Undergrad: 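This is the structure I want to talk about, given as structure tokens.
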Amino acid sequence: MNVLAQTEDKLKQTIESAVIQAELATKEEIPDIILEKPKDKSHGDFATNIAMQLARIARKAPRQIADDIVNQLNQSEASVEKIEIAGPGFINFFMKDDFLGEIIPTILKEDTEYGKTNAGDRKRIQVEFVSVNPTGDLHLGHARGAAFGDVLCNVLDAAGYQVEREYYINDAGNQIDNLALSVEARYLQALGNDVDMPEDGYHGEDIIEIGKQLCVEYGDQWAVTEREERLKFFKEYGLKYELGKIEQDLAEFRVHFDSWFSERSLYKENKITDALKVLDPYMYEKDGATWFRTTDFGDDKDRVLIKQDGSYTYLTPDIAYHKNKLDRGFDQIVNVWGSDHHGYIPRMRAAIQGLGYPVEKFDVKIIQMVNLFENGEKLRMSKRTGKAVALRELMEEVGVDAVRYYFVARSNDSQLDFDMDLARSQSNDNPVFYVQYAYARICTMLKQAESKGISVDNSFDASLLTAEKEIDLLKKLGEFPQVVADAAGKHTPHKVTQYLYDLATLLHSFYNAEKVIDADHLDRTKARIALMKAVRITLSNALQLIGVTAPEKM
RNA sequence: GUCCCAGUAGCUCAGCAGGAUAGAGCAACAGCCUUCUAAGCUGUGGGUCGCAGGUUCGAAUCCUGCCUGGGACGCCA
């Protein structure tokens with residue numbers, strides 16, 4: 001249940017009927033009533049700009065309209081304590097604090113469910129993310145996409161969407177052939193031969209490792225085998241090795257998928273030719289290749305589907321893949337892509353439309369670059385040079401909690417500077433510790449209470465929570481379900497991180513201002529313990545959403 | 001040349017389906033531990049919201065142009 005939202009809905013309805021009763025507008029004319037939480041506490045708990053919006057319709061001065069509304073408003077029905085008209089015509093509402101009394105019991109009752117809503121209306125949404133080619137290690141940029149996608153899914157799930165997480169495996173096509181050739185070269189090198197890497201080869205350490213491993217397992221067996229057969233085997237071997245490593249790294253990063261979709265299955269099940277049949281009206285032959293007229297759908301140039309040599313471009317199976325996704329009946333499919341793929345969006349949008357699907361179902365989240373800093377200097381990362389900073393390295397260096405926190409703390413379309421030293425530091429500079437410390441602090445207090453024989457059951461008198469810091473905490477706690485729903489609806493998981501930080505700040509501030517355990521005021525102690533339990537639950541649920549641990553002791 | 005993202009305090013970033021005096025952290029400065037963990041708290045200073053127009057009662061937020069930084073513009077993936 002969402003206590004705050006209920007209060008808000010009630011208020012909106014009351015305002016609307018006041019507007020109608022004051023004959024300022026008819027029911028059809030009234031714009032959506034917008035209630036905002038003013039930044040400044042002196043502007044009340046909620047404010048609305050409805051009087052300004054009605055100025056044109058009612059043909060009156062906004063402040064006069066505001067007066068009329070206030071005169072018609074049934075205050076007690078909406079639990080309003082006080083109303084003020086301010087500025088150009090804002091109506092500020094100061095709510096009775098009694099609704100706050102419901103917050104703690106709600107949280108204690110809902111426990112791990114607190115924060116969940118049905119805002120998403122059970123809509124089916126699929127999020128495809130990471131989908132890294134199985135040709136090398138996951139690096140920084142992938143990790144950011146992984147963290148973003150994972151938290152987005154968590155948030156969507158909590159907001160009542162039916163979420164499916166999918167990883168698209170590029171296990172067909174050129175890059176996999178290159179993998180086989182690279183493995184071959186490293187294998188032969190491991191046997192002591194002087195062989196050059198292929199031009200488009202993968203130079204990562206991992207391929208060297210595969211070469212050595214093959215050498216240990218098979219000796220020179222594959223060197224004397226016919227090349228075609230050798231490459232076929234190396235392809236499968238390399239694929240399995242790389243994919244295994246990716247899956248393992250992701251698991252350690254606390255990222256799991258509901259399905260791993262193989263590009264090869266598209267070939268096997270003729271999905272590509274099926275898709276091409278549908279696109280046929282938009283296809284034409286030129287220069288010995290087959291083109292897709294994406295310009296019909298706003299792309300800046302047409303795209304090749306079938307190359308001169310008869311093979312598909314990368315786009316072609318990807319179109320079939322997206323057709324397959326949409327055929328599965330999702331209300332929305334979300335793709336999380338690195339910023340270097342943003343130019344790919346127009347042609348995929350064209351494909352969606354060419355396939356006959358509404359383009360609104362297709363959404364892409366672009367993840368901007370990550371710049372890594374250590375000792376004040378920028379570290380380069382490049383898969384080709386083999387000097388990539390791998391996710392694995394990062395997890396070992398700074399820990400999963402810090403990496404995940406930093407990666408979801410920022411909006412996906414801002415570039416991110418990741419400071420290794422800061423993420424590693426166990427100091428108050430580090431927001432991860434700051435938030436976790438709030439949780440640990442509460443755990444300590446509750447243990448303390450128990451050891452002093454103070455019962456921590458759920459009976460308490462909410463009316464004893466009247467200190468300013470207590471009211472602030474209660475209001476913040478009440479916002480949580482809306483924060484989650486908002487993060488889900490706007491695809492902005494970083495709002496959860498922000499909320500966590502704010503809640504932790506209020507907790508620390510409260511902690512320094514008020515004493516929780518006080519043998520001389522047992523009733524107040526019990527009320528504060530209940531408050532602490534509610535904060536603990538909310539912190540824990542929020543941390544769970546971003547996939548960061550909640551330590552009981554630090 | 002075209003397209004995408006960013007430009008907000010010294011630094012890193014929120015805020016951007018228009019709203020009141022633009023926020024946070026770090027850094028700087030000044031305080032707070034005989035009291036539940038000082039990995040904390042309290043306070044002070046710090047801004048032409050890249051620039052210029054436009055729309056509006058009202059613009060950091062919307063529109064246009066320009067500037068700067070990053071990225072993308074393959075019959076690569």
Side-chain angles (χ1 to χ4, degrees), chain A residues 32 34 36 38-40 42-43 47-49 52-53 55-56 61-62 86-90 92 133 135 170 173-176 178 200 286-291 299-301 303-318 338-346 364 366-369 371 373 406 409-419 422 425-438 440-449 451-452 490 492 494-495 497-498 501-502 504-505 507-518 525 528-529 532 553-554:
Chain A
D32 275 348
I34 295 163
E36 54 170 30
K39 293 164 216 156
D40 189 334
S42 70
H43 293 141
T48 182
N49 61 351
M52 279 103 88
Q53 291 189 310
R56 221 168 261 163
F90 287 103
N92 295 335
N133 287 346
T135 52
N170 292 108
N174 245 333
Q175 75 282 356
I176 287 301
N178 278 336
D200 296 322
K286 195 182 88 181
D287 303 332
T290 304
W291 296 70
D299 197 4
D300 56 356
K301 56 183 101 159
R303 308 291 168 178
V304 170
L305 292 173
I306 304 171
K307 299 184 234 175
Q308 274 182 347
D309 68 4
S311 65
Y312 297 131
T313 60
Y314 179 82
L315 177 65
T316 313
D318 212 20
S339 62
D340 53 340
H341 286 75
H342 81 262
Y344 197 72
I345 296 174
V364 180
I366 290 298
I367 306 295
Q368 292 295 331
M369 273 180 36
N371 296 309
F373 289 84
Y406 280 96
R410 298 269 147 75
S411 156
N412 61 290
D413 47 26
S414 282
Q415 290 191 16
L416 179 96
D417 287 348
F418 188 91
D419 184 339
L422 182 62
S425 79
Q426 311 231 328
S427 75
N428 53 357
D429 303 0
N430 193 338
V432 187
F433 285 87
Y434 182 84
V435 171
Q436 290 180 319
Y437 184 45
R441 256 191 165 160
I442 296 173
C443 293
T444 304
M445 283 186 274
L446 295 179
K447 263 181 221 140
Q448 191 85 16
S451 73
K452 288 192 177 166
K490 291 181 178 161
T492 49
H494 67 275
K495 285 182 190 296
T497 325
Q498 264 166 16
Y501 197 90
D502 291 346
T505 298
L507 184 276
H508 288 310
S509 180
F510 164 78
Y511 178 92
N512 276 272
E514 312 289 349
K515 186 108 175 111
V516 172
I517 297 157
D518 183 352
T525 297
R528 285 184 171 168
I529 284 173
M532 289 302 100
K553 227 164 93 176
M554 289 176 74

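Residue numbering restarts at 1 for every chain, and letters A, B, ... go by the order of the sequence lines. Here the structure is a predicted model, which is why all the values come from computation and not from measurement. Hydrogens, waters and symmetry mates play no part in the numbers below; they use all other heavy atoms, side chains included.
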Undergrad: Any strand counts, and the cut-off is 3.5 Å on both contacts for Watson-Crick or G-U wobble. Which nucleotide pairs with B/rA72?
TA: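 Across any shown strand, B/rA72 pairs with B/rU2.
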
Undergrad: Between the base of B/rA20 and the side chain of A/Asn92, is there any donor-acceptor pair under 3.5 Å?
TA: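 Per atom types, the contact qualifies.
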
Undergrad: Looking at the side chain of A/Lys553, which of B/rC41, B/rU37, B/rG71 is the nearest nucleotide?
TA: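 Nearest to the side-chain atoms of A/Lys553, counting from C-beta on, is B/rU37.
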
Undergrad: Checking A/Gln368 side chain against A/Leu416 main chain: does a donor-acceptor pair fall under 3.5 Å?
TA: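 No; judged by distance alone, with no hydrogens or angles, the pair does not exist.
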
Undergrad: With no angle test and no hydrogens, is the base of B/rG19 tied to the side chain of A/Asn49 by a donor-acceptor pair under 3.5 Å?
TA: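 For A/Asn49, whose side chain was compared with the base of B/rG19, there is a donor-acceptor pair (under 3.5 Å).
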
Undergrad: Considering Watson-Crick and G-U wobble pairs with both distances under 3.5 Å, what does B/rC49 pair with?
TA: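 Checking every strand shown, B/rC49 finds no partner, since no pair has both distances under 3.5 Å.
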
Undergrad: For B/rA38, does OP1 or OP2 lie under 4.0 Å from any side-chain N or O of A/Arg441?
TA: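 For A/Arg441, the contact criterion (side-chain N or O under 4.0 Å from OP1 or OP2 of B/rA38) is met.
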
Undergrad: Could you check which nucleotide pairs with B/rA22 in any of the strands shown, counting Watson-Crick or G-U wobble with both distances under 3.5 Å?
TA: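 Checking every strand shown, B/rA22 finds no partner, since no pair has both distances under 3.5 Å.
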
Undergrad: Would you kindly give the NE2-to-P distance between A/His341 and B/rC3, to the nearest whole Å?
TA: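 Rounded to the whole Å, the gap is 21 Å.
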
Undergrad: Looking only at side-chain atoms of A/Lys515, point me to the closest of B/rA39, B/rC36, B/rA72.
TA: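 So the side chain of A/Lys515 is nearest to B/rC36.
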
Undergrad: Look at all strands and tell whether A/Thr444 reaches a base, only sugar-phosphate, or nothing, counting heavy atoms closer than 4.0 Å.
TA: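 Since a base atom lies under 4.0 Å of A/Thr444, the category is base.
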
Undergrad: Between B/rU2 and B/rG65, how far apart are the two P atoms, rounded to whole Å?
TA: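 Per the computed distance, 10 Å lies between those P atoms.
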
Undergrad: Without decimals, in angstroms, what is the distance between A/Ile34 CD1 and B/rG19 C1'?
TA: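 Checked: the CD1 to C1' distance equals 10 Å.
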
Undergrad: With sugar-phosphate meaning primed atoms plus P, OP1 and OP2, does A/Gln308 contact a base, only sugar-phosphate, or nothing at under 4.0 Å between heavy atoms?
TA: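 It contacts base atoms.
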
Undergrad: Quickly work out the A/Met52 CE to B/rG58 P distance and round it to whole Å.
TA: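 So the CE-P distance, A/Met52 to B/rG58, works out to 12 Å.
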
Undergrad: Does A/Ser339 make a side-chain N or O approach to OP1 or OP2 of B/rC4 shorter than 4.0 Å?
TA: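 For B/rC4, neither OP1 nor OP2 has a side-chain N or O of A/Ser339 closer than 4.0 Å.
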
Undergrad: Quick check on B/rG15: is either OP1 or OP2 less than 4.0 Å from any side-chain nitrogen or oxygen of A/His494?
TA: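 Yes.
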
Undergrad: Expressed in whole Å, how much space separates the C1' atoms belonging to B/rG43 and B/rG50?
TA: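 Nearest-Å result for B/rG43 against B/rG50 at atom C1': 33 Å.
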
Undergrad: Do A/Tyr501 and the base of B/rA24 stack face to face, with centres under 5.5 Å apart and an angle between planes under 30°?
TA: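 According to the criterion (under 5.5 Å, under 30°), no, A/Tyr501 does not stack.
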
Undergrad: Using the P atom in both, what is the distance from B/rC62 to B/rU8, to the nearest Å?
TA: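 Going atom to atom, P in each nucleotide, I get 16 Å.
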
Undergrad: Is the side chain of A/Asn170 donor-acceptor paired with the backbone N or O of A/Asn133 at a distance under 3.5 Å, no angle test?
TA: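 Not a single qualifying donor-acceptor pair exists.
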
Undergrad: Considering just the side-chain nitrogens and oxygens of A/Lys301, establish if one lies under 4.0 Å of OP1 or OP2 belonging to B/rG74.
TA: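 Yes, because at least one side-chain N or O of A/Lys301 sits under 4.0 Å from OP1 or OP2 of B/rG74.
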
Undergrad: Does B/rA28 pair with anything, Watson-Crick or G-U wobble, both distances under 3.5 Å, and if so, with which nucleotide?
TA: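 Matched B/rA28 with B/rU44 under the 3.5 Å cut-off.
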
Undergrad: According to the Watson-Crick and G-U wobble definitions, with both distances under 3.5 Å, which nucleotide is paired to B/rU56?
TA: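 Partner of B/rU56: none.
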
Undergrad: Which of parallel (below 30°), tilted (30 to 60°) and perpendicular (above 60°) describes A/Phe418 and A/Tyr406?
TA: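 Aromatic pair A/Phe418/A/Tyr406 classed perpendicular.
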
Undergrad: Are the side chains of A/His43 and A/Phe90 in contact, using a 4.5 Å heavy-atom criterion?
TA: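 Not in contact.
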
Undergrad: Indicate, with a heavy-atom threshold strictly under 4.0 Å, whether A/Gln53 touches base, sugar-phosphate, or nothing.
TA: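 The answer is nothing, as A/Gln53 stays clear of every strand by at least 4.0 Å.
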
Undergrad: Just how far is it from atom CE of A/Met445 to atom CD1 of A/Ile517, taken to the nearest 0.5 Å?
TA: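 That separation rounds to 7.5 Å.
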
Undergrad: Find out whether A/Phe373 and A/Leu422 are in side-chain contact, i.e. whether some heavy atom of one side chain is under 4.5 Å from a heavy atom of the other.
TA: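 Answer no - side chains too far apart.
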
Undergrad: Search all heavy atoms of A/Ile366 against all heavy atoms of A/Ser339 and return the closest pair with its distance.
TA: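 Closest approach of A/Ile366 to A/Ser339, heavy atoms only: CG2-CA, 3.5 Å.
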
Undergrad: Can you tell me if the side-chain N/O atoms of A/Lys307 get under 4.0 Å from OP1 or OP2 in B/rG74?
TA: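 For A/Lys307, the contact criterion (side-chain N or O under 4.0 Å from OP1 or OP2 of B/rG74) is not met.
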
Undergrad: Please tell me if A/Tyr434 has a side-chain N or O lying less than 4.0 Å from either OP1 or OP2 of B/rC41.
TA: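 Indeed, a polar side-chain atom of A/Tyr434 lies that close.
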
Undergrad: Would you say B/rC3 has OP1 or OP2 under 4.0 Å from some side-chain N or O of A/Tyr344?
TA: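 A/Tyr344 to B/rC3 OP1/OP2: no side-chain N or O under 4.0 Å.
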
Undergrad: Who does B/rU35 pair with, Watson-Crick or G-U, both distances under 3.5 Å?
TA: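 With both distances under 3.5 Å required, B/rU35 matches none.
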
Undergrad: Determine if the base of B/rC33 is syn or anti; take syn to mean the glycosidic torsion is within 90° of 0.
TA: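 You should classify B/rC33 as syn.
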
Undergrad: Considering every strand and a 4.0 Å limit on heavy-atom distances, what is the contact class for A/Ser411: base, sugar-phosphate, or nothing?
TA: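 Sugar-phosphate, no base atom in range.
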
Undergrad: Reckon A/Ala409 touches a base, only the sugar-phosphate, or nothing at all at heavy-atom distances under 4.0 Å?
TA: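 Result for A/Ala409 = nothing.
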
Undergrad: A/Asp287 near the nucleic acid: base, sugar-phosphate alone, or nothing, with a heavy-atom cut-off under 4.0 Å?
TA: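 A/Asp287: base contact, heavy atoms under 4.0 Å.
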
